[in-house]
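When a residue number appears, it is its place in the shown sequence, counting from 1.
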Amino acid sequence: MQVNFVVCQLFALLAAVWFRTYLHSSKTSPFIRHVVATLLGLYLALFCFGWYALHFVIQSGISYYIMIIIGVENMHKYCFVFALGYLTVCQITRVYIFDYGQYSADFSGPMMIITQKITSLAFEIHDGMFRKNEDLTPSQRCLAVRRMPSLLEYLSYNCNFMGILAGPLCSYKDYITFIEGRSYQLQQSEANGKEDTKYEQTDPSPNIAVAQKLLICGLSLLFHMTITKTLPVEYNIDDNFRATASWPVRFFYLYVSLMAARPKYYFAWTLADAINNAAGFGFRGYDKNGVTRWDLISNLRIQQIEFSTSFKMFLDNWNIQTALWLKRVCYERATFSPTIQTFILSAIWHGVYPGYYLTFLTGVLMTLAARAIRNNIRHYFVQSPAVKLCYDIVTWMATQAAISYTVVPFVLLSVKPSLTFYSSCYFCLHIASILVLLVFPLKRTQKGSKKHESVQPVWSRKLEEESLLQKNNYSTTNNSFSQKEEITCRYQALKQ
């Protein structure tokens with residue numbers, strides 16, 4: 001299965017280069033690009049998963065039918081329940097009927113991405129075609145879709161060859177703009193904020209970005225094949241190891257074993273990003289030095305992950321597009337306990353292994369405790385550079401320990417080994433988190449229009465900026481959007 005995945009992704013990389021070269025938007029109609037992207041995607045899915053790939057078409061087809069017959073007022077709710085329910089049923093049958101604990105024929109992986117796309121688009125259409133513009137947040141306003149997509153556009157978005165196997169999630173508007181190849185205009189602004197001249201950006205080459213990401217893929221794969229197998233996470237619950245190793249040794253091994261488990265994700269997500277870039281998708285714009293940025297749909301930032309000094313910083317940079325999806329479809333729309341609801345949705349979406357639920361329930365405690373500590377004591381340690389350096393070192397160590405402690409059940413999957421690990425640690429960080437929440441006050445969620453401003457999820461603030469910055473590169477998708485609204489959306493993003 002893993003060999004099939006790698007082979008298919010390498011084929012997709014070559015196909016992406018061909019797609020950008022010979023089916024460039026300047027040479028080919030959007031219809032042909034949609035058809036080819038969809039057929040190639042379905043072929044790869046069929047090669048990799050066999051007839052299980054029919055689930056991708058069935059889930060997408062029924063969701064599209066729901067959108068058409070239900071109407072824009074409530075279709076987002078029905079699509080959300082159906083897509084997530086269909087995914088859950090497939091995960092249950094795969095895990096508990098066929099191969100518990102094995103990842104062979106794991107067709108639910110691509111379905112997780114398709115579920116994100118189905119639900120995201122349903123909410124975006126609801127925002128664009130039903131809700132009032134003034135009721136939308138800035139990011140919702142920029143992402144809102146104001147016409148119903150055709151069936152071909154819908155299937156192309158869900159099942160294109162660039163993202164069908166490993167994603168990442170992208171907004172529908174960004175994808176359609178890429179397929180249609182529409183040049184996008186930006187507003188230069190004068191010092192007084194008035195709009196100045198318009199200009200069109202050229203089509204930059206992704207070759208350097210793709211080469212850099214393929215190098216990261218190679219190093220990650222090499223690390224995974226040589227080091228990861230020598231540091232199994234399961235050794236953390238080995239009876240002899242627990243009986244003989246000291247606490248510092250146990251926590252050090254916990255850290256290095258979980259760190260060694262990450263390169264396989266670095267490989268898969270970075271390769272998926274490189275495939276999209278090779279096809280010409282993923283250009284964000286230029287930085288202040290005029291260097292191209294190809295991280296519009298990037299899913300992780302490795303340096304920030306490995307050197308994160310807070311739980312928030314880690315989650316801000318890990319599985320970025322999924323964090324944005326959780327924020328857009330759950331957190332900012334939740335009417336009560338948004339953080340808890342978001343973690344529960346994340347657990348359901350990931351699958352039905354009990355370890356996932358233990359990890360995300362533990363994550364709720366860790367998130368709230370980390371937020372409480374940061375809000376109440378951090379400002380005492382940022383005045384002096386020397387003190388801040390010491391604070392950063394301590395918080396880095398604490399963050400890595402907390403992350404490793406939290407995700408052990410995610411890797412072990414089952415209840416018994418997960419509880420064996422936690423009980424061997426005397427549930428120390430669970431207890432510490434509860435004590436922190438009892439001692440330090442948390443800012444309360446405000447009601448009304450400012451409901452989500454005072455208490456943010458760990459990924460919220462930075463990813464809100466990311467979601468707005470994405471809009472400085474692409475024009476709006478729909479013809480019914482006025483030029484003035486497009487300019488306003490992009491101008492707001494440029495000011496971030």
Look at the side chain of Ser346 and the backbone N and O of Thr342, then say whether any donor-acceptor pair between them is shorter than 3.5 Å.
-> no
Do you know which two heavy atoms are closest between Cys48 and Leu165, and how far apart they sit?
-> CB-CD2, 4.4 Å
Ile118 side chain near Tyr154 side chain, heavy-atom distance below 4.5 Å = yes
Taking all non-hydrogen atoms of both residues into account, name the closest pair between Cys79 and Ile66 and its distance.
-> SG-CG2, 3.9 Å
Salt bridge (Lys or Arg N to Asp or Glu O under 4.0 Å) between Arg333 and Asp127: does it pass, once the steps are laid out?
-> CA-CA 12 Å; Arg333 301 176 193 268; Asp127 290 341; 2.7 Å; yes
Whether Thr359 side chain and Tyr356 backbone form a donor-acceptor pair below 3.5 Å | no
Does the ring of Trp247 carry Arg250 above it, NZ/CZ under 6.0 angstrom from centre and within 45° of its axis?
-> yes
Do we see a donor-acceptor contact under 3.5 Å between the side chains of Asn319 and Thr322?
-> yes
Where the side chain of Asp238 meets the backbone of Glu234, is there a donor-acceptor pair that is under 3.5 Å apart?
-> no
Tyr266-His224 aromatic ring centre distance below 6.0 Å | no
Leu221 versus Phe267, closest heavy-atom pair with distance | CB-CD1, 3.9 Å
Ile302 vs Arg262 side-chain heavy atoms within contact, under 4.5 Å | no
Please step through side chain to side chain contact (heavy atoms under 4.5 Å, CB included) for the pair Lys264 and Thr228, ending with a clear verdict.
-> CA-CA 9 Å; Lys264 67 178 180 181; Thr228 300; over 6 Å; no
Tyr357/His350 under side-chain hydrogen bond (donor to acceptor under 3.5 Å, both in side chains): CA gap, chis, key distance, verdict | CA-CA 9 Å; Tyr357 293 83; His350 274 90; over 6 Å; no
Are the side chain of Thr93 and the backbone of Cys90 linked by a donor-acceptor contact shorter than 3.5 Å?
-> yes
Test item: side-chain donor near acceptor, Thr119 and Trp325, under 3.5 Å | yes
Within-4.5 Å side-chain heavy-atom neighbours: Phe421 and Pro417 | no
For the pair Phe427 and Tyr422, name the ring-plane relationship: parallel under 30°, tilted 30 to 60°, perpendicular over 60°.
-> tilted
With side chains defined as the heavy atoms from C-beta onward, is the minimum distance between Trp269 and Pro168 less than 4.5 Å?
-> no
Under the side chain to side chain contact (heavy atoms under 4.5 Å, CB included) rule, what do Val436 and Val439 come out as? Steps first, then yes or no, please.
-> CA-CA 5 Å; Val436 165; Val439 172; 6.0 Å; no
Using a 4.5 Å cut-off on heavy atoms from C-beta on, say whether the side chain of Val408 contacts that of Leu254.
-> yes
Test of ring centre spacing under 6.0 Å for Tyr353 and Phe410 = no
Can the positive tip of Lys117 be found less than 6.0 Å from the middle of the six-membered ring of Tyr157, inside 45° of the ring normal?
-> yes
Dump the intermediate steps for side chain to side chain contact (heavy atoms under 4.5 Å, CB included) on Ile377 and Arg374, then the final yes or no.
-> CA-CA 6 Å; Ile377 72 170; Arg374 187 177 183 85; over 6 Å; no
Look at the rings of Tyr255 and Trp396 and say which category their plane angle falls in: under 30° parallel, 30 to 60° tilted, over 60° perpendicular.
-> perpendicular
Are Asn160 and Thr38 close enough, and set up right, to give a side-chain hydrogen bond (donor to acceptor under 3.5 Å, both in side chains), and what steps lead you there?
-> CA-CA 5 Å; Asn160 66 82; Thr38 305; over 6 Å; no
Checking ring pair (Phe, Tyr, Trp, His ring centres under 6.0 Å) for the pair Phe161/Tyr43: CA distance, chi angles, key distance, verdict?
-> CA-CA 8 Å; Phe161 74 95; Tyr43 173 77; over 10 Å; no
Can you label the angle between the Phe80 ring and the Phe123 ring as parallel, tilted or perpendicular, going by 30° and 60°?
-> perpendicular
Mind telling me whether Tyr265 and Trp318 have parallel, tilted or perpendicular rings, with 30° and 60° as the class edges?
-> perpendicular
Where do Gln59 and Thr115 come nearest, in terms of heavy atoms and distance?
-> NE2-OG1, 2.9 Å
Enter the distance from Asn277:CG to Arg20:CZ here, rounded to the nearest 0.5 Å.
-> 10.0 Å
Is there a donor-acceptor contact under 3.5 Å from the side chain of Thr309 to the main chain of Thr395?
-> no
What is the ring orientation for Tyr52 with His55, classed by angle as parallel under 30°, tilted 30 to 60°, or perpendicular over 60°?
-> parallel
Side chains of Ser156 and Tyr175: donor-acceptor distance under 3.5 Å anywhere?
-> yes
In this structure, which one of Tyr86, Tyr78, Phe82 forms a side chain to side chain contact (heavy atoms under 4.5 Å, CB included) with Ser63?
-> Phe82
Is the Tyr253 to Phe241 ring centre distance short of 6.0 Å?
-> yes
Closest non-hydrogen atoms of Ile125 and Met67, given as atom of the first, atom of the second and distance, are CD1-SD, 3.8 Å
Say whether Asp273 and Ser298, considering side chains only, have a donor N or O and an acceptor N or O under 3.5 Å apart.
-> yes
From CA spacing to verdict: side-chain hydrogen bond (donor to acceptor under 3.5 Å, both in side chains), Asp174, Ser171 | CA-CA 5 Å; Asp174 287 339; Ser171 77; 3.0 Å; yes
Quick one: does Asn74's side chain have a donor or acceptor within less than 3.5 Å of a partner on Ile70's backbone?
-> no
Going by atom types alone, do Ser257 and Asn236 pair a side-chain donor with an acceptor below 3.5 Å?
-> yes
Are the side chain of Lys173 and the backbone N or O of Cys142 linked by a donor-acceptor pair below 3.5 Å?
-> yes
Closest non-hydrogen atoms of Leu214 and Ala274, given as atom of the first, atom of the second and distance, are CD2-CB, 4.2 Å
Test side chain to side chain contact (heavy atoms under 4.5 Å, CB included) applied to Gln9 and Leu13, step by step = CA-CA 6 Å; Gln9 287 294 74; Leu13 180 65; over 6 Å; no
Heavy-atom distance under 4.5 Å between the side chains of Phe343 and Thr367, does that happen here?
-> yes
pair Phe47-Cys8: side-chain heavy atoms closer than 4.5 Å | yes
Do Tyr391 and Phe381 have ring centres separated by under 6.0 Å?
-> yes
Flag, side chain of Gln116 to backbone of Trp349, donor-acceptor distance under 3.5 Å = no
Counting only heavy atoms not in Leu435, do more than 12 fall under 6.0 Å of its CG?
-> yes
Is the backbone N or O of Phe281 less than 3.5 Å from a side-chain atom of Asn276, with the two atoms forming a donor-acceptor pair by type?
-> no
Min side-chain heavy-atom separation Leu361-Leu358 under 4.5 Å | no
Just do the side-chain hydrogen bond (donor to acceptor under 3.5 Å, both in side chains) check on Glu124 and Gln140 with the steps written out, would you?
-> CA-CA 7 Å; Glu124 289 163 5; Gln140 289 172 348; over 6 Å; no
Side-chain ion pair, Lys312 and Asp316, N-O less than 4.0 Å = yes
